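Atoms within each ligand, like the ligands themselves, are counted from 1 in listed order. Note that the coordinates shown come from a computational prediction; the quantities given were computed from them, not determined experimentally.
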Amino acid sequence: MVESHTRRVLVLNGPNLNLLGTREPGVYGSATLADIQAMVEKRAAELGLSVIFRQSNHEGQLIDWLHEARETCTGVIFNPGAYTHTSVALYDAIKAIALPVIEVHLSNPHAREPFRHRSFVSPVAKGVIQGFGPLGYILALEAAAQF
Ligand code: CA2
């Protein structure tokens, strides 16, 4: 169990987000994932939060990290990438860990192709922030600092 004074947030990133800043800047902006990590770590320190920042292209790895967070973290900020729109396994994992998960998207999936309009994560998320680029991660941190 995490002690009450410890606020540790897992910031989890799904498939292809390692490519940020290299392609499709019109959709995802020019910041790299390393840039976002630096922004998040800076704001987290100001908020007194400790942060674990991770990315994987593999669904099972994301699920293993969510399970691990149950023991080590007080909340999760999660950009599940395209798995958002496909993964019953992520839905089950988030439900199982019973931690507040804030779903974040750089773009606004509802302003894009219809296949991005359904999220398997939103029904089990505490809240959703989308369409604000990297700022979304910072807004999610502000929320995570409250629980
Ligand atoms: O807007 C978001 O953050 C998304 O989660 C990004 C996913 C997309 O499948 C979701 O619908 C919305 C895709 C991430 C792909 O990232 C790339 C970055 C650079 C170049 C190509 C892909």
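- Glu24 CD to Leu106 CG: the interatomic distance, rounded to the nearest 0.5 Å, is 11.5 Å.
- Taking only nitrogen or oxygen atoms, main chain and side chain alike, Arg23 does not reach within less than 3.5 Å of ligand 1.
- When only modelled atom types and interatomic distance are considered, Asn57 and Glu59 share no side-chain donor-acceptor pair under 3.5 Å.
- The protein non-hydrogen atom at the shortest distance from atom 8 (C) of ligand 1 is Arg116 NH1, 3.3 Å.
- Protein heavy atom at the shortest distance from atom 14 (C) of ligand 1 is Leu17 CD2, 3.8 Å.
- In terms of protein heavy-atom proximity, atom 1 (O) of ligand 1 is closest to Ser107 OG, 2.5 Å.
- Residue contacts with ligand 1 for His85 involve side-chain atoms from C-beta outward but no N, CA, C or O (heavy atoms, distance under 4.0 Å).
- In terms of protein heavy-atom proximity, atom 2 (C) of ligand 1 is closest to Leu106 N, 3.4 Å.
- Every residue was checked against the side-chain hydrogen bond (donor to acceptor under 3.5 Å, both in side chains) condition with Asp64, not counting sequence neighbours, and none meets it.
- The side chain of Asn79, and not its backbone, has at least one atom closer than 4.0 Å to an atom of ligand 1 (non-hydrogen atoms only; side chain from C-beta on).
- The single protein non-hydrogen atom nearest to atom 4 (C) of ligand 1 is His105 ND1, 3.7 Å, given as residue, atom name and distance.
- Nearest protein heavy-atom neighbour of atom 13 (C) of ligand 1: Tyr28 OH, 3.3 Å.
- When atom types are taken as modelled, the side chain of Asn108 and the backbone of Gln130 share no donor-acceptor pair closer than 3.5 angstrom.
- Remark: Leu62 CG to Leu10 CG distance equals 9.5 Å, nearest 0.5 Å.
- For the 3.5 Å distance criterion, the side chains of Ser107 and Arg112 qualify, holding a donor opposite an acceptor.
- Residue Glu24 has at least one heavy-atom neighbour below 4.0 Å for each of these atoms of ligand 1: 21 (C).
- At a cut-off of 3.5 Å, with distance as the only test, a side-chain donor of Ser119 or Glu103 sits close to an acceptor on the other residue.
- Nearest protein heavy-atom contact of atom 16 (O) of ligand 1 is Asn16 O, 3.5 Å.
- Taken from CG in Leu20 to CD in Gln55, the straight-line distance is 9.0 Å, to the nearest 0.5 Å.
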